[in-house]
There are 2 protein chains.
Amino acid sequence: MPTTLHDVAREAGVSAATASRALTGGTVSAGTRASVRAAAERLGYRPNRAARGLITGRAGALGLVVPDLTNPFFADVAKGVAARARAADLPVFVADADEEAGLEVEAVRSLARSTDGLLLCSPRAADAQLLDVADARATVLLHRRVPGLASVVADLADGTRQAVEHLRALGHRRIAYVPGSPGSWAGEQRDVGLAAATADGGVEVVRFPPVAPTVAGGVQAADLVLADGATAVLAYNDLVAVGLLGRATARGVRVPEDLSVVGHDDTVATMAHPSLTTVAVPQRRAGAAAVDLLLRLVAAARTPGAPLPEDAEVTLTTHLVVRASTAEPTRPR
Amino acid sequence: MPTTLHDVAREAGVSAATASRALTGGTVSAGTRASVRAAAERLGYRPNRAARGLITGRAGALGLVVPDLTNPFFADVAKGVAARARAADLPVFVADADEEAGLEVEAVRSLARSTDGLLLCSPRAADAQLLDVADARATVLLHRRVPGLASVVADLADGTRQAVEHLRALGHRRIAYVPGSPGSWAGEQRDVGLAAATADGGVEVVRFPPVAPTVAGGVQAADLVLADGATAVLAYNDLVAVGLLGRATARGVRVPEDLSVVGHDDTVATMAHPSLTTVAVPQRRAGAAAVDLLLRLVAAARTPGAPLPEDAEVTLTTHLVVRASTAEPTRPR
DNA sequence: TGGAAGACTGCAAACGTTTGCAACGATCCT
DNA sequence: AGGATCGTTGCAAACGTTTGCAGTCTTCCA
């Protein structure tokens with residue numbers, strides 16, 4: 001019962017072919033175009049995506065796979081993606097992989113056929129696995145870099161470097177670092193930043209065991225960190241930083257007087273008290289940029305002369321936002 | 001170049017019709033089914049959704065419209081929806097309406113044709129608008145009730161009642177209430193709860209101007225609340241509660257000694273320090289239940305004898321989670 | 001004035017899948 | 001042993017759209 005192109009054509013007194021051309025930008029007379037448009041409007045015509053997709057071979061939709069929608073970092077990215085996709089009039093399938101590489105791969109497999117392109121945000125799967133399952137001509141990685149695939153990342157290494165420099169400038173000499181699950185691309189980047197910042201000495205970074213990207217993870221790490229002599233702690237994630245801060249406060253350790261805390265991502269940093277000094281990552285912008293890149297990619301893939309976009313590896317800058325959770329160390333602990 | 005059903009059929013030595021039946025559960029011999037399945041597996045066959053959708057009239061996908069993916073409440077709901085939809089092997093289109101009724105309606109319009117059913121989470125649009133734009137046989141409302149449409153809601157009124165009772169039991173007599181944008185269904189429900197809890201006197205609720213569902217909104221409300229004599233404040237949202245708590249602390253007002261704070265939704269309650277007493281709403285479960293209901297709804301709509309599901313209005317219970325942000329008032333302020 | 005070129009339109013095929021119908025063989029019952 | 005029934009299969013149509021091709025009509029130039 002939904003109105004079809006034929007209904008519109010009949011209403012406008014033309015053939016379906018002409019109606020199609022009038023609506024999709026083919027060569028028709030101005031008068032015809034106007035009357036077809038009017039008929040379509042009058043009847044509330046909406047093209048059948050399935051039929052269009054069948055003949056054109058395009059799905060008219062994008063796909064986004066994230067590890068966890070509940071993580072504010074990914075929620076922000078998803079928002080950026082959704083906004084940019086809406087502007088391009090493309091609906092987007094969103095899959096939540098529950099932090100599992102297996103579900104991630106399965107999502108890619110099933111979404112690949114029903115979309116024109118896929119956005120994989122911080123995928124947990126291994127490089128080889130991704131290269132195997134993803135179509136390089138229709139996939140953009142977000143916050144992950146794999147040779148052979150297009151990607152949009154933030155300069156995490158530099159962000160971490162800025163954070164350490166900030167703490168060093170304040171006078172901290174022993175800094176605790178709480179990392180995430182080992183083997184992740186983001187983790188490696190942060191390691192690069194740590195190495196760069198500690199290269200010329202003057203500051204020592206002690207690495208703690210990895211924890212989950214949650215407030216609970218931060219709480220768990222807090223007691224270990226407090227047992228150490230560090231005067232500052234750097235968390236790989238704002239949620240972890242919030243957990244650290246909360247637990248420290250609960251145990252009577254004052255932040256930032258007794259302990260400086262630095263987060264990462266600038267997601268929930270203003271929810272903490274004191275508000276968190278953190279490394280801001282432009283999640284929304286990254287999401288939007290990824291959609292842009294993906295659109296260029298699939299457009300290039302459709303033209304036979306296939307010059308893949310030069311700038312298939314986008315890097316966005318990060319910057320430290322200094323708030324209230326960092327200060328000069330009062331006394332050596 | 002992707003493998004089609006014909007490829008599978010040829011590989012298995014049967015017709016396309018038989019291959020289709022073998023894979024989708026038609027009547028074929030056990031041997032045929034096995035060999036077709038084997039062929040499909042060998043070739044990595046994935047059915048073309050567009051072609052299937054065109055002939056069956058089903059899209060094989062669901063749609064979810066939320067006001068803001070960034071709001072942890074909706075992110076949780078989306079996670080519940082995604083998990084349940086994955087179990088049903090249905091991908092889900094997610095649209096972010098940016099808290100605007102107009103975008104919401106537009107999302108419904110464009111998604112309606114490309115999905116089998118739509119989930120509208122806390123829609124901002126007016127009742128009449130929703131009834132106009134939504135197909136009652138394929139739409140489920142989440143955290144909103146409109147006569148004529150199926151819905152899954154939480155008992156917000158009772159949650160608010162529990163919160164007020166809790167504060168009264170602690171000895172509070174003057175409670176500040178910070179509401180959200182006026183005219184919302186959830187707001188009305190909370191008003192019902194407030195009325196119920198204050199009916200037999202003994203406690204007074206003072207209503208403050210509405211604020212945005214953000215930490216900033218809470219900060220904004222905080223100074224107004226502190227100027228009042230209330231010993232406790234009830235926020236319509238955890239984010240707002242966090243803002244209230246942070247600002248109060250910053251101004252030297254101790255929580256819970258000088259001011260008790262109660263949030264709502266149990267989203268970011270454990271991020272605050274002290275952790276928030278809040279009304280827990282089962283978002284994930286609501287999302288999953290909404291998918292279930294939607295699936296039953298569309299199944300019923302497909303059978304001509306159309307007995308719409310009896311339980312088209314699901315209500316989930318809420319309960320107060322008492323944490324560290326509420327206590328007996330120390331002295332009248 | 002004749003022809004070529006161009007603008008506009010319709011016919012029909014095609015995309016990959018599902019499904020009604022009919023055909024076939026085997027099995028069962030009487 | 002004959003007919004009916006059932007299980008299994010293939011043929012062909014159908015879903016709604018886009019698009020190559022050819023046709024018609026107009027316009028322009030020589």
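Side-chain atoms are counted along with the backbone in the values below, which use heavy atoms only and exclude waters and symmetry mates. Please read all numbers here as calculations on a predicted model, not as lab measurements. Letters A, B, ... mirror the listed sequences (proteins, then strands); counts begin at 1.
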Using whole Å, report how far [atom1] of [X] lies from [atom2] of [N].
X: B:His6; N: C:dT17; atom1: NE2; atom2: P; answer: 8 Å
X: B:Leu5; N: C:dT17; atom1: CG; atom2: P; answer: 5 Å
X: A:Leu23; N: D:dT19; atom1: CG; atom2: P; answer: 13 Å

Tell me the side-chain hydrogen bond (donor to acceptor under 3.5 Å, both in side chains) pairs involving residues 23-32 of chain B, sequence neighbours left out?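 Output for this query lists B:Ser29-B:Thr32.
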Using the rule given for side chain to side chain donor-acceptor pair (under 3.5 Å), can you reason through A:Thr18 versus A:Ser15, listing the C-alpha separation, both sets of side-chain angles and the distance that settles it, and then say yes or no? CA-CA 5 Å; A:Thr18 301; A:Ser15 75; 3.3 Å; yes
I need the A:Leu297 CG to A:Asp292 CG distance, nearest 0.5 Å.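 Here the interatomic distance stands at 12.0 Å.
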To the nearest 0.5 Å, tell me how far A:Leu293 CG sits from A:Ser151 OG.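 Reported to 0.5 Å precision, the distance equals 8.0 Å.
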Would you list the pairs meeting ring-ring contact (aromatic ring centres under 6.0 Å, His included) in which at least one residue belongs to residues 20-76 of chain B, sequence neighbours left out?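 Every pair satisfying ring-ring contact (aromatic ring centres under 6.0 Å, His included) with a residue in residues 20-76 of chain B: B:Phe73-B:His143.
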Could you write nucleotides 6-15 of chain D as a row of B, S and -, 5' to 3', where a protein heavy atom under 4.0 Å of any base atom gives B, of only sugar-phosphate atoms gives S, and otherwise -? --BBBB--BB
Would you call B:Asp116 and B:Arg58 a salt bridge, taking side-chain N to carboxylate O under 4.0 Å as the test?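 Not counted as a salt bridge, because no side-chain N and carboxylate O are separated by less than 4.0 Å.
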Does a side-chain N or O of B:Ser20 approach OP1 or OP2 of C:dT17 to a distance below 4.0 Å, or not?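 Negative; the distance criterion is not met.
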Does OP1 or OP2 of C:dG16 have a side-chain N or O of B:Tyr45 closer than 4.0 Å?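 No, no such contact exists.
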